[in-house]
K.L.:
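Here it is, the structure in full.
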Amino acid sequence: MLYYIFQYLDKAFDVPGAGVFQYITFRSALAFILSILIATIYGKKIINYLRNQQVGETVRELGLEGQTAKAGTPTMGGIIIILATLIPVLLLAKLNNIYIILLIMTTLWMGTIGFIDDYIKIFKKDKQGLKGIFKVIGQVGLGLIVGTVLYLSPDVTVRKDTVASRIKIENNIKPADLEEKSTATTIPFMKNNEFDYAEVLSFMGDGYENYAWLIFIPMVIIVITAVSNGANLTDGIDGLAAGTSAISVLTLGLFTFVSGNIIFSDYLNIMYIPNSGEMTVYIAAFVGALVGFLWYNAYPASVFMGDTGSLTIGGIIAVIAIAIRKELMIPVVCGIFLAENLSVILQVSYFKYTKKKFGEGRRIFLMSPLHHHYQKKGYHESRIVTRFWIVGILLAIFSLVSLKLR
């Protein structure tokens, strides 16, 4: 809203300083500061409200040190993250941008699923919460919508070879004529690092490009489901999910900024994605919200994000990565989520296999997800979180190196 107000003031009355709102960097910085202030100042009020409403965490006895002390800690704190993200975005972003629309929809969609799950756990006294099948249906539904919009919307285009494009522009070819609809994505650390999902169907002969949605949309669904579940599993000890997510989102924010800027994408010779740079404003607000939430979620936590927060975080990260064609980077950028996911899959699969073969289930880890394994080994949760953050930072640096290392 403020963006449109200041744009009008700049054009109609030439108000000094109003033009600064045209710059993504300025609005991103403002969104970051505003989101932190909202999360820290109003976060306390929300926590007190949740406490008064007895929205407390029901802790299952898992034999973990310090676990019982967490009983009754307010949950559903993901509401803080959602509000601290959406308010700056509504004030500072271009609300007619297709990518901003998708991210707002993702936030509300996944936030609603998580809220219903937390509501059932707390007020219906059902520790299982929303049945897994309904969560998956919600994730698949979101993936179907996001995938379809990205595939069909005329506002979603790319310019692959920025160097060749610059040469054509210098020869009086209009920039808009170089933009194209495409299901291409980026393969990290490869010299010719662009891959088009449509090529999987090349065996179909002429016109196979028309059926690219058969590969692209299911891929979007898989990514959204996997990342949102990964974030959900990571949310197990104080500050872990919020901290690692902030690192991952900040990394994707840098990718977004260079992908949406013709100068930087030309210099780095990466895929230029018109209009995607606006997502930087959203990402800045989201990072600010996560950092502000950490003010209360760091050990010892005053509030837990619940599924309201974790599912929302995962959904947003997935959509950002898909929008900037970096979804194949997720195993690196979100390596912590991947490790948590794999630890559960391996644990369950091995237990079932050994129970069938030997009549007794055996385990790879002392407990899954992975962070609980280290708790069982006697590590304090603050040490586990700090070390996971360090690994997350290393993975972020490794991801950013992919911009030039091919």
Side-chain angles (χ1 to χ4, degrees), residues 28 30-59 70-93 103-123 129-130 228 231-232 234-250 253 281-317 319-320 385 389:
S28 297
L30 207 58
F32 178 76
I33 294 169
L34 184 57
S35 62
I36 285 184
L37 292 175
I38 292 171
T40 52
I41 296 172
Y42 292 97
K44 186 64 176 178
K45 298 180 185 296
I46 294 173
I47 292 169
N48 290 335
Y49 176 79
L50 293 172
R51 186 177 287 112
N52 292 335
Q53 296 298 313
Q54 297 183 333
V55 184
E57 179 78 4
T58 302
V59 177
K70 297 177 183 289
T73 302
T75 188
M76 281 191 181
I79 294 171
I80 299 171
I81 298 172
I82 292 172
L83 291 177
T85 300
L86 291 183
I87 292 173
V89 167
L90 293 174
L91 288 173
L92 299 166
L103 285 173
I104 291 174
M105 186 199 71
T106 298
T107 304
L108 296 174
W109 185 290
M110 296 303 292
T112 300
I113 295 172
F115 181 86
I116 293 171
D117 186 49
D118 288 334
Y119 182 88
I120 292 172
K121 288 177 182 176
I122 297 164
F123 296 103
L130 185 65
S228 58
N232 190 233
T234 304
D235 180 33
I237 52 180
D238 300 352
L240 179 59
T244 53
S245 297
I247 294 166
S248 297
V249 175
L250 183 59
V281 179
Y282 188 101
I283 292 168
F286 189 37
V287 173
L290 290 170
V291 172
F293 179 76
L294 264 175
W295 186 266
Y296 299 108
N297 185 240
Y299 181 86
S302 302
V303 66
F304 300 138
M305 67 172 66
D307 282 14
T308 305
S310 60
L311 289 177
T312 304
I313 288 171
I316 292 171
I317 290 175
V319 172
I320 292 171
V385 170
W389 285 0

K.L.:
Is there a side-chain contact between M305 and I313 in this structure, where contact means two heavy atoms from C-beta onward sitting under 4.5 Å apart?
P.N.:
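In short, these two side chains touch, coming nearer than 4.5 Å.
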K.L.:
Quick one: side-chain hydrogen bond (donor to acceptor under 3.5 Å, both in side chains) partners of S248, sequence neighbours excluded?
P.N.:
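side-chain hydrogen bond (donor to acceptor under 3.5 Å, both in side chains) list for S248, sorted by chain: empty.
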K.L.:
Kindly write out the residues that satisfy ring pair (Phe, Tyr, Trp, His ring centres under 6.0 Å) with Y42, not counting sequence neighbours, or none if the list is empty.
P.N.:
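For Y42 there are no ring pair (Phe, Tyr, Trp, His ring centres under 6.0 Å) partners, ignoring immediate neighbours.
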K.L.:
Applying ring pair (Phe, Tyr, Trp, His ring centres under 6.0 Å), name anything that partners F123, two or more places apart in sequence or on another chain.
P.N.:
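Per chain and number, F123 pairs via ring pair (Phe, Tyr, Trp, His ring centres under 6.0 Å) with Y119.
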K.L.:
Under the side chain to side chain contact (heavy atoms under 4.5 Å, CB included) rule, collect the residues that match up with L91, sequence neighbours excluded.
P.N.:
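L2, L34, I87.
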K.L.:
Show the nearest heavy-atom pair for residues Y282 and L103, with the distance to one decimal.
P.N.:
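Answer, listing the atom of Y282 first, then L103: OH-O, 3.5 Å.
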K.L.:
Hey, could you give me the CD1/OH distance between I237 and Y299, rounded to the nearest 0.5 Å?
P.N.:
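It comes to 11.0 Å.
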K.L.:
Which atom pair, heavy atoms only, marks the closest approach of A231 to A241?
P.N.:
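Looking at all heavy atoms of both residues, the shortest contact is O-CB, 4.4 Å.
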K.L.:
Kindly give the heavy-atom pair with the smallest separation between P74 and S302, and that separation in Å.
P.N.:
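Heavy-atom minimum between the residues: CD-O, 3.4 Å.
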K.L.:
Could you work out, with side-chain hydrogen bond (donor to acceptor under 3.5 Å, both in side chains) as the rule, every residue matching S228, not counting sequence neighbours?
P.N.:
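Per chain and number, S228 pairs via side-chain hydrogen bond (donor to acceptor under 3.5 Å, both in side chains) with Q139.
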K.L.:
Taking C-beta and beyond as the side chain, do I316 and V249 meet within less than 4.5 Å on heavy atoms?
P.N.:
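When only atoms from C-beta onward are counted, V249 and I316 do not touch, as no gap falls below 4.5 Å.
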K.L.:
Among residues at least two apart in sequence or on other chains, which ones pass side-chain hydrogen bond (donor to acceptor under 3.5 Å, both in side chains) with T234?
P.N.:
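For T234, no residue satisfies side-chain hydrogen bond (donor to acceptor under 3.5 Å, both in side chains) once neighbours in sequence are set aside.
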K.L.:
Please give me the minimum heavy-atom distance between A84 and A289, naming the atom from each residue.
P.N.:
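Heavy-atom minimum between the residues: CB-CB, 3.7 Å.
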K.L.:
Which pairs pass salt bridge (charged side-chain N to carboxylate O under 4.0 Å, His left out) with one or both residues in residues 303-317, sequence neighbours excluded?
P.N.:
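Matches after skipping sequence neighbours: K121-D307, K135-D307.
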K.L.:
Under the side chain to side chain contact (heavy atoms under 4.5 Å, CB included) test, which residues partner L37, sequence neighbours left out?
P.N.:
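I33, I41.
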K.L.:
Please tabulate, for the side chains in residues 290-297, all donor-acceptor contacts under 3.5 angstrom to protein atoms that are two or more places apart in sequence or on a different chain.
P.N.:
| residue | atom | partner | partner atom | Å |
| --- | --- | --- | --- | --- |
| Y296 | OH | T40 | O | 2.4 |
| N297 | OD1 | G239 | N | 3.0 |
| N297 | ND2 | V303 | O | 2.8 |

K.L.:
To the nearest 0.5 Å, tell me how far W109 CH2 sits from I104 CD1.
P.N.:
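Reported value, rounded in 0.5 Å steps: 15.5 Å.
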K.L.:
Among all residues two or more places apart in sequence or in another chain, which pass the side chain to side chain contact (heavy atoms under 4.5 Å, CB included) test with I46?
P.N.:
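Per chain and number, I46 pairs via side chain to side chain contact (heavy atoms under 4.5 Å, CB included) with L50, I80, L83.
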K.L.:
Can you give me the closest heavy-atom contact between S310 and D235, atom names plus distance?
P.N.:
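Minimum heavy-atom contact is CB-CB, 4.0 Å.
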K.L.:
Out of curiosity, I81 CD1 to I38 CD1, how far, rounded to the nearest 0.5 Å?
P.N.:
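I81 atom CD1 to I38 atom CD1 measures 13.5 Å (nearest 0.5 Å).
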K.L.:
Restricting to side-chain hydrogen bond (donor to acceptor under 3.5 Å, both in side chains), what partner residues turn up for D238, sequence neighbours left out?
P.N.:
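Scan of D238 (side-chain hydrogen bond (donor to acceptor under 3.5 Å, both in side chains), adjacent residues dropped) gives K70.
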K.L.:
How many angstroms lie between CG in L311 and CG in N232, if you round to the nearest 0.5 Å?
P.N.:
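CG of N232 is found 4.5 Å from CG of L311.
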K.L.:
Which pairs pass salt bridge (charged side-chain N to carboxylate O under 4.0 Å, His left out) with one or both residues in residues 288-299, sequence neighbours excluded?
P.N.:
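Residue pairs with at least one partner in residues 288-299: there are none.
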K.L.:
Between the side chain of D117 and the main-chain N/O of I113, is any donor-acceptor distance below 3.5 Å?
P.N.:
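Not confirmed, D117 side chain does not pair with I113 backbone.
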K.L.:
Working to the nearest 0.5 angstrom, can you tell me the gap between F32 CZ and L250 CG?
P.N.:
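Rounded to the nearest 0.5 Å, the CZ-CG separation comes to 8.5 Å.
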K.L.:
If you compare all heavy atoms of M76 against all heavy atoms of T308, which two are closest, and at what distance to 0.1 Å?
P.N.:
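Result for this residue pair: CG-OG1, 4.0 Å.
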K.L.:
Quick one: are I122 and T75 in side-chain contact, heavy atoms under 4.5 Å?
P.N.:
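I122 reaches T75 side chain to side chain.
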